[in-house]
Peer 1: 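Let me give you the structure first, and then I'll get to my questions.
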Amino acid sequence: SKQDVEAWRHWRTAASSAFFVFLNHYQLVSLLNVRPRGMPEEMDRLLSVWAFTADMSVAFSLPCGGFSSFMSGLVFKCLAPLAVAAVFVGTWAASVAFQRLLCGKKREIAMEPPIVMNCCLSVIFLFYGAIVQVTLTVAKCVPNPSGKWTLMVD
């Protein structure tokens with residue numbers, strides 16, 4: 001509709017889109033730090049500001065939740081997108097239940113499934129860099145002083 005097109009022309013929409021592209025760019029650039037020697041010092045210092053965006057588990061205290069080992073932390077990080085999807089599905093189901101309880105068959109309260117799916121996938125896409133980093137964790141190896149190659153996170 002014409003109203004939707006007008007909403008996209010607003011400066012706040014442009015600013016949030018630019019920030020999203022900026023954030024996604026630095027998330028993916030931070031994945032480049034896979035060489036044994038790492039990045040040049042200046043680049044590493046610049047990108048370390050954005051490092052938390054590629055690992056959202058820093059917002060949680062994983063050892064306090066029983067995820068102190070490498071494997072349990074990796075499982076937590078892999079299941080996080082499913083937990084996000086479950087929250088969205090639960091919210092949608094609650095809105096449908098409230099709509100049936102309070103309004104009968106009218107569709108005044110219930111959330112629209114396509115909009116819920118769009119919001120859910122937008123959140124997952126926002127953390128795409130973190131998801132990619134988790135999947136590449138088992139492939140990032142560095143030389144160990146003993147002469148063997150080990151995982152970078154070890």
Side-chain angles (χ1 to χ4, degrees), residues 1-35 38-39 43-141 151-154:
S1 75
K2 185 170 177 25
Q3 185 179 9
D4 294 337
V5 172
E6 293 299 322
W8 276 101
R9 293 184 180 154
H10 198 273
W11 70 269
R12 284 182 285 191
T13 306
S16 63
S17 297
F19 178 74
F20 178 74
V21 169
F22 179 79
L23 177 64
N24 199 346
H25 167 75
Y26 278 105
Q27 283 177 334
L28 296 178
V29 168
S30 71
L31 295 175
L32 295 175
N33 194 9
V34 296
R35 298 179 326 164
M39 294 184 189
M43 184 181 278
D44 193 39
R45 190 174 55 245
L46 172 71
L47 295 178
S48 66
V49 174
W50 298 99
F52 75 94
T53 65
D55 184 10
M56 290 299 154
S57 68
V58 297
F60 305 102
S61 180
L62 293 182
C64 289
F67 298 101
S68 58
S69 72
F70 169 74
M71 185 57 81
S72 61
L74 189 63
V75 168
F76 174 82
K77 292 175 185 180
C78 289
L79 294 178
L82 293 176
V84 169
V87 168
F88 276 94
V89 169
T91 305
W92 170 79
S95 75
V96 170
F98 282 127
Q99 179 255 325
R100 288 186 180 157
L101 286 173
L102 301 175
C103 301
K105 296 286 183 180
K106 297 177 190 174
R107 294 196 57 113
E108 295 177 4
I109 297 176
M111 299 168 69
E112 296 291 327
I115 294 172
V116 174
M117 169 123 13
N118 186 17
C119 293
C120 177
L121 294 178
S122 294
V123 169
I124 289 176
F125 186 65
L126 177 64
F127 301 119
Y128 174 74
I131 294 169
V132 169
Q133 184 175 17
V134 166
T135 57
L136 292 177
T137 297
V138 295
K140 291 181 180 179
C141 295
L151 287 177
M152 184 181 245
V153 295
D154 245 353

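Predicted model, so just to flag it, every value in this text is computed and none were measured. Just so you know, these numbers use all the heavy atoms, side chains as well, and skip hydrogens, waters and symmetry mates.
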Peer 1: Any idea which heavy atoms bring I124 and P81 closest together, and the distance?
Peer 2: CD1-O, 3.9 Å
Peer 1: Return the CH2 to SG distance between W92 and C120, rounded to the nearest 0.5 Å.
Peer 2: 13.0 Å
Peer 1: Taking only residues two or more places apart in sequence or in another chain, which ones pass side chain to side chain contact (heavy atoms under 4.5 Å, CB included) with I115?
Peer 2: E112, C119
Peer 1: Which residues pass the side chain to side chain contact (heavy atoms under 4.5 Å, CB included) test with V123, not counting sequence neighbours?
Peer 2: V84, F88, F127
Peer 1: Under the rule for ring pair (Phe, Tyr, Trp, His ring centres under 6.0 Å), what residues qualify as partners of F98, not counting sequence neighbours?
Peer 2: none
Peer 1: Grab the two heavy atoms, one from M111 and one from S95, that are nearest each other, plus how far apart they are.
Peer 2: N-OG, 3.0 Å
Peer 1: Applying side chain to side chain contact (heavy atoms under 4.5 Å, CB included), can you list everything that pairs with S16, at least two apart in sequence or on another chain?
Peer 2: none
